[in-house]
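The next block holds one structure in the form of C-alpha cells; read it before the comments.
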Amino acid sequence: MIKKRIIPCLDVKDGRVVKGVQFKGLRDIGDPIDLAMYYNEAGADEVVFLDISKTEEGHHLMLDVIESTAKKLFIPLTVGGGIQSLEDITLLLNHGADKVSLNSSALKNPDLIKQASDKFGRQCICIAIDSFYDQTSKDYYCCTHGGKKLTNVRVYDWVQQVEALGAGELLVTSMSHDGMKQGFDIEHLTAIKQLVNIPIIASGGGGNAQHFVELFQQTDVSAGLAASILHDREITVQSLKDTMRQGGIQVR
C-alpha cells in the first residue's frame, strides 16, 4: 500500500508567499524560506513553490530563494511557474529543486514534456492543471497564466496526452473549489484517475481534516495539496495526518 502524502503549496509572488480564493484577492502569508522550513519540521512530505508572479509577468526564476530553501530542506521541493524551456528546468534542478511543475508552457508546446522527460527523467516532471468547469458544455477545460486564460483543451484529453509524452505526475487544481474550503472535487479526480496510471496530487478545496479523509477514502489520488488551512495554522500537518490515520488511511 503506497502511503498518502500531504503537500503544502506556497504560492510565491514577488518573493512573498500569498494566498487567495479562486486565484483572486491575494493576501500576504510570509517568507517562503521560513514557511518551507516550518513545514519541513512539521512533517510535510514535500513542498511546492509556485511562482505565480512569473507566469503573469515573466519574472526571473527565483533561484536564490530555491537554493537557500533546498540547502535546508530534508523533503522534496517542487518548483513551478513561468518555466519556458529545458534551460529553465536545468537551472531550477541545479539550484536544488527535485521536480518541476509545468502548466502554461506545456500547453503551448506539448513537446517540451517529452524533451524534459527524456533529458531529466519522468520522475522530475509534474504537469499542473488548472481545471475550469464550463457550465454550458458540462466539461472541464485547462486554464493557463495562473488561471486567467481559458483554453479549448479538454482536461480529460490533456491528462492522457501528457502521460503519453512522459509526465511523471499530475497536480490537478479544480478552480471552482480553490480556496473555498468546501472539500475536493471528488468526481472530477476520480474520472481523471480512471484515465491515467501516474500519481495525482489533488488541489483545491481542502478546508478541514475530514476533507482529506474523504479525498483518500473516495479516490485513488496519491497526495493532497493544502495551502490556506495550513498557512493560517487552522490545522497542523501532524494533526491532519493523525485524523487520516484514524480514518484508516496509510500516511508517511
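Values reported hereafter were calculated over all heavy atoms of this structure, with side chains retained and with hydrogens, waters and symmetry mates removed. No experiment lies behind these values; they were computed from the predicted model shown.
Looking at Gln238 and Thr236, their side chains never bring a donor and an acceptor atom within 3.5 Å of each other. In the model, Tyr38 has no side-chain atom that pairs as donor or acceptor with a side-chain atom of His231 under 3.5 Å.
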Yes or no on side-chain contact (heavy atoms from CB on, under 4.5 Å) for Ile6 and Met244, after CA distance, side-chain angles and deciding distance? CA-CA 10 Å; Ile6 295 297; Met244 287 166 58; 3.6 Å; yes

Would Ile113 and Gln161 count as a side-chain contact (heavy atoms from CB on, under 4.5 Å) if you check the C-alpha gap in whole Å, the side-chain angles of each, and the deciding distance to 0.1 Å? CA-CA 10 Å; Ile113 302 169; Gln161 186 180 351; over 6 Å; no

Between Val221 and Thr190, is a side-chain contact (heavy atoms from CB on, under 4.5 Å) present by the stated rule, with each step listed? CA-CA 8 Å; Val221 301; Thr190 302; over 6 Å; no

What's the verdict on side-chain contact (heavy atoms from CB on, under 4.5 Å) for Lys72 and Asn40, showing C-alpha distance, side-chain angles and the deciding distance? CA-CA 9 Å; Lys72 300 175 183 176; Asn40 186 77; over 6 Å; no

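Checked against Phe49 for a side chain to side chain contact (heavy atoms under 4.5 Å, CB included), the options Leu35, Thr78, Thr69, Asp11 give a single hit: Thr69. Among Arg5, Lys3, Arg245, the one residue that satisfies the side chain to side chain contact (heavy atoms under 4.5 Å, CB included) test with Val251 is Arg245.
Here Ile129 contributes atom CD1 and His188 contributes atom NE2; the two are 7.5 Å apart, rounded to the nearest 0.5 Å. Taken from CE in Met175 to OH in Tyr141, the straight-line distance is 15.0 Å, to the nearest 0.5 Å. For the atom pair CE (Met37) and CG (Leu73), the distance works out to 5.5 Å, reported to the nearest 0.5 Å. Residue Ser105 holds its OG atom at 5.0 Å from CG of Leu112, rounded to the nearest 0.5 Å. For the atom pair CG (Leu10) and CD1 (Ile29), the distance works out to 10.0 Å, reported to the nearest 0.5 Å. We find the CD1-CD1 distance between Ile192 and Ile200 to be 6.0 Å, quoted to the nearest 0.5 Å.
Thr144 and Ser104 make their closest contact through CB-OG, 3.3 Å (heavy atoms, listed as atom of the first residue, atom of the second, distance). Ile198 and Glu163 make their closest contact through N-OE2, 3.5 Å (heavy atoms, listed as atom of the first residue, atom of the second, distance). The heavy-atom pair separating Ile127 from Ala106 by the smallest distance is CD1-CB, 4.2 Å. The nearest pair of heavy atoms linking Ala209 to Ile235 is CB-CD1, 3.6 Å. The heavy-atom pair separating Val17 from Asp31 by the smallest distance is CG2-C, 4.1 Å. Residues Cys143 and Asn103 approach most closely at O-OD1, 3.5 Å, considering heavy atoms.
Contact annotation: the side chain of Val12 approaches that of Met62 to within less than 4.5 Å [non-hydrogen atoms, C-beta and beyond]. The closest side-chain heavy-atom distance from Thr219 to Lys193 is not below 4.5 Å. Two residues are said to be in side-chain contact when any heavy atoms from C-beta on lie closer than 4.5 Å; Val79 and Leu50 fail this criterion. Put simply, the side chain of His95 reaches to within 4.5 Å of the side chain of Leu91, judged on heavy atoms. Residues Leu165 and Pro110 are in side-chain contact: their nearest non-hydrogen atoms beyond the backbone lie under 4.5 Å apart. In this structure, Leu86 and Phe120 have side chains that are in contact, with non-hydrogen atoms separated by less than 4.5 Å.
Panel note: side chain Ser117, backbone Gly166; a donor-acceptor pair is recorded below 3.5 Å. For Ser203 (side chain) and Leu225 (main-chain N/O), no donor-acceptor pair under 3.5 Å exists by modelled atom type. Of the possible polar contacts, one joining the Lys138 side chain to the Gln135 backbone as a donor-acceptor pair under 3.5 Å is found. Remark: side-chain polar atoms of Asp98 are paired, donor with acceptor, to backbone N or O of Leu77 under 3.5 angstrom. Of the possible donor and acceptor atoms, one in the side chain of Lys241 sits under 3.5 Å from a partner among the backbone N and O of Gly43.
A tilted orientation is assigned to the rings of Tyr133 and Tyr140, their planes being inclined by 30° to 60°.
Each side-chain hydrogen bond (donor to acceptor under 3.5 Å, both in side chains) pair with one or both residues in residues 106-116, not counting sequence neighbours, appears once here: Asp111-Gln115, Lys114-Asp118.
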Show which side-chain atoms of residues 211-218 pair as donor or acceptor with protein atoms under 3.5 Å away, not counting sequence neighbours.
unit_1, atom_1, unit_2, atom_2, d
His211, ND1, Gly207, N, 2.9
His211, ND1, Asn208, N, 3.3
Gln217, NE2, Gly247, O, 3.1

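We find that Asp220 and Lys4 are joined by a salt bridge, their nearest charged nitrogen and carboxylate oxygen being less than 4.0 Å apart.
Asp134 pairs by the side chain to side chain donor-acceptor pair (under 3.5 Å) definition with Ser137, not counting sequence neighbours.
Shown here is Gln160, whose CD atom has more than 12 heavy atoms of other residues, nucleotides or ligands within 6.0 Å.
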